[in-house]
Amino acid sequence: MIFLIVFIIIIIAYFGSPLSKVRNINVEGVNDLGAQQVINATKIDDNSVLLDLLIHHKSITEKTEKKLPSIKSMSIKTRNMRDITIQVKEYSTLGFINKNGYYYRIINDGHVINQKMSAPIGNYPTYSNFGTKRLKQIANLYAELPSNVQTNISEIYNSPTKLNPYRIKIDMNDGNKVIADMRTVKTKLKYYPGMAAQMKKKGVIDLEIGAYSYPFKDKK
């Protein structure tokens, strides 16, 4: 009986002391998400009881992933009895689509996250005039491009014609524009850096049928 009473007193004292509370929160693995954004989604703070987190970590993880769909997986681990580390793995961002003045993140396989943003973040392209099916196709094509080409793409437009329903236009960060065909753009865009380097003036690189370039017309 004495042992039980002492044990209960110790438990009560522990949960009533700062030793039972989270001291430091560290987030690892974030890329496009902010560390504080992840912490806010978990609702973990310095008033959270460490034991409660360990018991309910699965529930916390599931709720956080639901709030932040760009999280592929996450785990919560403890350090030094009072510190926790939230390990995050994100889906790759493939760009953003503009709808009604807001931007929405596109992640793996062209999935659009229903989370409004006032402006796109990072060095990712924006997509315009694409339907759902075509958006998935072009986003997956972008994911397979060489990194030096990816970082130079600013915006991709769906620009079909009667002769070519697969026609697209691409604004590049270096000031050039590209005309291409969705069916061949992945293969042909790898030649872009070399073609752009040979251009004396900014202009258009047409990859729709062949592969040639011409400068922008001078404004009069």
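Numbers here are sequence positions counted from 1. Just so it is clear, the model here is predicted, and its values are computed rather than measured.
At least one donor-acceptor pair under 3.5 Å links the side chain of Ser48 to the backbone N or O of Asp45. Formation of a donor-acceptor pair under 3.5 Å by the Asn158 side chain with backbone atoms of Asn129 is found in this model. Using a distance-only test at 3.5 Å, with no hydrogens or angles considered, a donor-acceptor pair links the side chain of Thr42 to the main chain of Ile44. Within the 3.5 Å criterion, the main-chain N or O of Gly203 finds a donor-acceptor partner in the side chain of Asn176. Asn152 contributes a side-chain N or O that, together with a main-chain N or O of Asp174, makes up a donor-acceptor pair within less than 3.5 Å. The main-chain N or O of His57 is found under 3.5 Å from a side-chain atom of Thr61 such that the two form a donor-acceptor pair. For Asn108 (side chain) and Tyr91 (main-chain N/O), no donor-acceptor pair under 3.5 Å exists by modelled atom type.
The OH atom of Tyr192 lies 9.5 Å from the CD1 atom of Ile153; values are rounded to the nearest 0.5 Å. Put simply, NZ on Lys186 and CE on Met182 are 11.5 Å apart, with the number rounded to the nearest 0.5 Å.
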Taking distance alone, no hydrogens or angles, what donor-acceptor pairs closer than 3.5 Å link side-chain atoms of residues 67-75 to residues at least two apart or in another chain?
{"residue": "Lys67", "atom": "NZ", "partner": "Ala41", "partner atom": "O", "Å": "3.3"}

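Within a 6.0 Å radius of CG in Asn148, more than 12 heavy atoms belonging to other residues, nucleotides or ligands are found.
Side chain to side chain, Glu28 and Thr85 fail the donor-acceptor criterion of an N or O pair below 3.5 Å. For the residue pair Tyr214 and Asp206, no side-chain donor N or O sits within less than 3.5 Å of a side-chain acceptor on the partner.
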Working for side-chain contact (heavy atoms from CB on, under 4.5 Å), residues Ile113 and Ile107: CA-CA 7 Å; Ile113 296 177; Ile107 58 173; 3.7 Å; yes
Before you tell me yes or no, could you show the steps for Asn164 and Asp181 under side chain to side chain donor-acceptor pair (under 3.5 Å), namely the whole-Å CA-CA distance, both residues' side-chain angles and the distance that decides it to 0.1 Å? CA-CA 8 Å; Asn164 185 5; Asp181 186 306; 3.1 Å; yes
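Across every non-hydrogen atom of Ala119 and Tyr103, the tightest pair is CA-CD1, 3.7 Å. Nearest approach of Glu144 to Gln150, heavy atoms of both residues: N-NE2, 4.4 Å. Among all heavy-atom pairs drawn from Ile156 and Ile168, the shortest one is CG2-CD1, 4.4 Å.
A cation-pi geometry, defined here as NZ or CZ lying under 6.0 Å from the six-membered ring centre and within 45° of its normal, holds between Lys116 and Tyr102.
With hydrophobic clusters built from ILVMFWY side chains whose heavy atoms lie under 4.5 angstrom apart, Val204 does not share a cluster with Ile209.
Ion pairing between a basic and an acidic side chain is recognised when a charged N comes within 4.0 Å of a carboxylate O; Asp32 and Arg105 show such pairing.
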